[in-house]
Amino acid sequence: MSDREPEHNESTDEEVWRDLVARLEHMDAGETSRDGGDRESPAPQEDPGPGQQAGVPGPGRAGSPAERTRAIFENQPLPMTGPRDYAAPEEDEDDGGFTPPEPPPLGSGEPLVVLAWIGALGGPLMLLLFAMLWRGAPLAVVLGTIAVFAGSAAYLLFRLPSHRDENDDGAEV
């Protein structure tokens, strides 16, 4: 073994284990319950010293293992809470009086702009599908798809605004 590893003394380990089991066997089930109905109250002890609580064995006091265990688990400062104990605050129905306007329906755009977008996005997609699935596509179909894409892209570029207002930063209210 290396110098850093402690030697395990099996006889000491066995003695410690037996001592632990013996101490825990002497505790009855009523002593560890938290409801307080089945449990007998511990015998009153002398006046607690400074920093001590009544009924809790201190470092200089002798107490049974059951009393020490009870003192550890019953004298928690605050109850433990978890994430499921969180209660969301109630929301007010009034959010400042602002109600956003209804958006326009999706199909209310200009028909030529919608067709131009379909051609600009669908043209390259159709060429990709022709290359993967229909290798023997006639030249007229391929050239027609390219023409639809070129015409759609040209129409969309033509529709862009041609002048810019110098005082406009692009924000709309």
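The basis for the numbers below is simple: all heavy atoms, side chains too, and nothing from hydrogens, waters or symmetry mates.
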* Asked: Would you say L125 and L121 make side-chain contact, with heavy atoms under 4.5 Å?
  -> no

* According to the salt bridge (Lys or Arg N to Asp or Glu O under 4.0 Å) rule, which pairs have a member within residues 140-154, sequence neighbours left out? -> none

* Could you grab the distance from atom CD of E25 to atom CG of L20, nearest 0.5 Å is fine? => 10.0 Å

* Determine which pairs satisfy salt bridge (Lys or Arg N to Asp or Glu O under 4.0 Å) with at least one residue from residues 144-156, sequence neighbours left out, and list them in order. => none

* To do: Evaluate the side-chain proximity of V142 to I146: yes if any heavy-atom separation is below 4.5 Å, no if none is.
  => yes

* **Other ILVMFWY residues reachable from I118 by side-chain steps of under 4.5 Å** => V114

* **Pairs where residues 114-139 contributes a residue and the test salt bridge (Lys or Arg N to Asp or Glu O under 4.0 Å) is met, not counting sequence neighbours** => none

* Structure fact -> Excluding F149, membership of its hydrophobic cluster (Ile, Leu, Val, Met, Phe, Trp, Tyr; side-chain heavy atoms within less than 4.5 Å) reads none

* To do: Can you sort out the partners of A153 under side-chain contact (heavy atoms from CB on, under 4.5 Å), two or more places apart, ordered by chain and number?
  => none

* What is the minimum heavy-atom distance between G119 and V148, and which atoms define it? -> CA-CG1, 4.1 Å

* Those residues that, when tested against E102, pass salt bridge (charged side-chain N to carboxylate O under 4.0 Å, His left out) (two or more places apart) -> none

* **ring-ring contact (aromatic ring centres under 6.0 Å, His included): pairs with one or both residues in residues 105-130, sequence neighbours excluded** => F130-W134

* Asked: Do any pairs count as a side-chain hydrogen bond (donor to acceptor under 3.5 Å, both in side chains) and have a residue in residues 144-159, sequence neighbours left out, and if so which ones?
  -> E110-R159

